[in-house]
Amino acid sequence: MAVQPIRLFGDPVLRTPAEPVRDFDKELRKLVADLTETMLDAPGSGLAAPQIGVGLRVFTYNVDDVVGHLINPRLDLSEEEQFGPEGCLSIPGFSFDCRRALRVVAKGYNMHGDPVTLEGSELLARCIQHETDHLDGVLFVDRLDREARKAALRAIRETEWGNAGPPEVRVSPHATLGRAL
Ligand SMILES: [Zn+2]
């Protein structure tokens, strides 16, 4: 297990939809361990595989002292919404109010390939939606209202890392059969 560098806003891996996991093997369990360790080290309430450069549909969460992971998630969202502060380890130091469904039922798999249902409201629901967005190449700033999004992107561009040139190509620490980015 090892803490991995977290990719920052502007890195193309964060804009690339991730592939479904097909092999529930040792490599996948190492990925879940690395994601968990990196998330807890940050610390953050969630981390998706693309954020450490792996294009697979896996995320971990850490909400109300419950740590877990979900693979190949499919979400069912409540119509009732919540509006509140949200942040992202790939956009460090920023928090913006973001609209989300209040409740979510997420179906997927654990790292052993067993079917799992994860139900959450409020912060856990926000986390599940945020991390699943990462698997589709979507960042939470994309979901802000138009004016708020413009202000957020302006603030991000003013940071040192938000205005970097093309990122250097890095080699993923995981053998992901050509799915690493
Ligand atoms: Zn994020």
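Hydrogens, waters and symmetry mates are skipped; everything else that's a heavy atom, side chains included, is used.
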Enquirer: As an exercise, state the distance from CG of L47 to CD of E37, rounded to the nearest 0.5 Å.
Expert: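 Separation between the atoms: 12.0 Å.
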Enquirer: Once you round to the nearest 0.5 Å, how far does CD1 of I6 lie from CG of L89?
Expert: 4.5 Å
Enquirer: Below 4.5 Å, heavy atoms only, C-beta onward: do H130 and C88 meet side chain to side chain?
Expert: yes
Enquirer: Establish, from distance only, whether the side-chain atoms of Q51 and S90 form a donor-acceptor pair under 3.5 Å.
Expert: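 Side chains of Q51 and S90: pair found under 3.5 Å.
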Enquirer: Verify the neighbour count for atom CG of D64: are there more than 12 heavy atoms of other residues, nucleotides or ligands below 6.0 Å?
Expert: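 At most 12 heavy atoms, drawn from other residues, nucleotides or ligands, come within 6.0 Å of this atom.
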Enquirer: Looking at A125 and V104, what are the two nearest heavy atoms and their distance?
Expert: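 Smallest interatomic distance, heavy atoms only, reads CA-CG1, 3.4 Å.
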Enquirer: Salt bridge (charged side-chain N to carboxylate O under 4.0 Å, His left out), that's the test. Do E27 and K30 meet it? Break it down for me.
Expert: CA-CA 5 Å; E27 191 59 39; K30 184 176 183 311; 5.7 Å; no
Enquirer: Take R99 and Q82, measure what side-chain contact (heavy atoms from CB on, under 4.5 Å) needs, and give me the verdict at the end.
Expert: CA-CA 6 Å; R99 200 175 308 282; Q82 56 178 321; over 6 Å; no
Enquirer: V63 and S45: which non-hydrogen atoms are nearest, and at how many Å?
Expert: CG2-O, 3.9 Å
Enquirer: To the nearest 0.5 angstrom, please state how far the CE atom of M111 sits from the NZ atom of K26.
Expert: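 Nearest 0.5 Å value for the CE-NZ distance: 13.5 Å.
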Enquirer: What is the minimum heavy-atom distance between A106 and L75, and which atoms define it?
Expert: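 That closest heavy-atom pairing would be CB-CD2, 3.5 Å.
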Enquirer: For D23 and D25, indicate whether the former's side chain and the latter's backbone hold a donor-acceptor pair under 3.5 Å.
Expert: no
Enquirer: Go through the steps for F9 and T159 under the test side-chain contact (heavy atoms from CB on, under 4.5 Å), then give the verdict.
Expert: CA-CA 11 Å; F9 182 93; T159 65; over 6 Å; no
Enquirer: Indicate, with yes or no, if L139 and I128 share a hydrophobic cluster defined by side-chain heavy-atom contacts under 4.5 Å among Ile, Leu, Val, Met, Phe, Trp and Tyr.
Expert: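 No.
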Enquirer: Under 4.5 Å between side-chain heavy atoms, counting indirect links through other Ile/Leu/Val/Met/Phe/Trp/Tyr residues: same cluster for Y61 and V105 or not?
Expert: no
Enquirer: Does the side chain of L31 reach to within under 4.5 Å of the side chain of I52, using non-hydrogen atoms?
Expert: yes
Enquirer: Looking only at heavy atoms, which two atoms of V58 and V21 are closest? And how far apart?
Expert: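 Of all heavy-atom pairs spanning V58 and V21, the closest is CG2-CG2, 3.6 Å.
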Enquirer: Just wondering, do H112 and N110 contact through their side chains at under 4.5 Å, heavy atoms?
Expert: yes
Enquirer: Does any non-hydrogen side-chain atom of E122 lie less than 4.5 Å from one of L102?
Expert: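 Side-chain contact under 4.5 Å: yes.
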Enquirer: Say you draw a straight line from CG of L35 to CD of E131; how long is it, rounded to the nearest 0.5 Å?
Expert: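 It comes to 9.5 Å.
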Enquirer: So, do F24 and I71 sit near enough that their side-chain heavy atoms are less than 4.5 Å apart?
Expert: yes
Enquirer: Distance check, rounded to the nearest 0.5 Å: E86 atom CD versus I91 atom CD1?
Expert: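 That separation rounds to 9.5 Å.
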Enquirer: Transitively linked via ILVMFWY side-chain contacts under 4.5 Å: M39 with V54?
Expert: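 Yes: a chain of side-chain contacts under 4.5 Å links M39 to V54.
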Enquirer: Would a single hydrophobic cluster contain both F83 and F96, if residues Ile, Leu, Val, Met, Phe, Trp and Tyr are joined by side-chain heavy-atom contacts under 4.5 Å?
Expert: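 No, F96 does not connect to F83 through the hydrophobic network.
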Enquirer: Are the side chains of Q129 and L77 in touch, meaning some heavy atoms are under 4.5 Å apart?
Expert: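 Yes - at least one pair of side-chain heavy atoms lies under 4.5 Å apart.
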Enquirer: Side chains of L8 and P92: closer than 4.5 Å at any heavy-atom pair?
Expert: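 L8 reaches P92 side chain to side chain.
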Enquirer: Do you know which two heavy atoms are closest between C127 and G46, and how far apart they sit?
Expert: SG-CA, 4.1 Å
Enquirer: Answer yes or no: does atom OH of Y109 have more than 12 heavy-atom neighbours from other residues, nucleotides or ligands under 6.0 Å?
Expert: no
Enquirer: Supply the atom-to-atom distance L40 CG to T60 OG1, rounded to the nearest 0.5 angstrom.
Expert: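 Result: 7.5 Å between the selected atoms.
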Enquirer: Can you give me the closest heavy-atom contact between F59 and T132, atom names plus distance?
Expert: CE2-OG1, 3.5 Å
Enquirer: Do you reckon F94 sits in the same ILVMFWY cluster as V141, going by side-chain contacts under 4.5 Å, direct or chained?
Expert: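 As far as the 4.5 Å side-chain criterion goes, V141 and F94 are connected within one cluster.
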Enquirer: Which pairs count as salt bridge (charged side-chain N to carboxylate O under 4.0 Å, His left out) when at least one residue sits in residues 133-142, sequence neighbours excluded?
Expert: R15-D142, R57-D136, R100-D133, D133-R143
Enquirer: Go through the structure and list residues passing side chain to side chain donor-acceptor pair (under 3.5 Å) with H69, not counting sequence neighbours.
Expert: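 So H69 forms no side chain to side chain donor-acceptor pair (under 3.5 Å) with any residue.
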Enquirer: Taking S95 for the side chain and P85 for the main chain, is one N or O donor matched with an acceptor at less than 3.5 Å?
Expert: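 No: the side chain of S95 does not pair with the backbone of P85.
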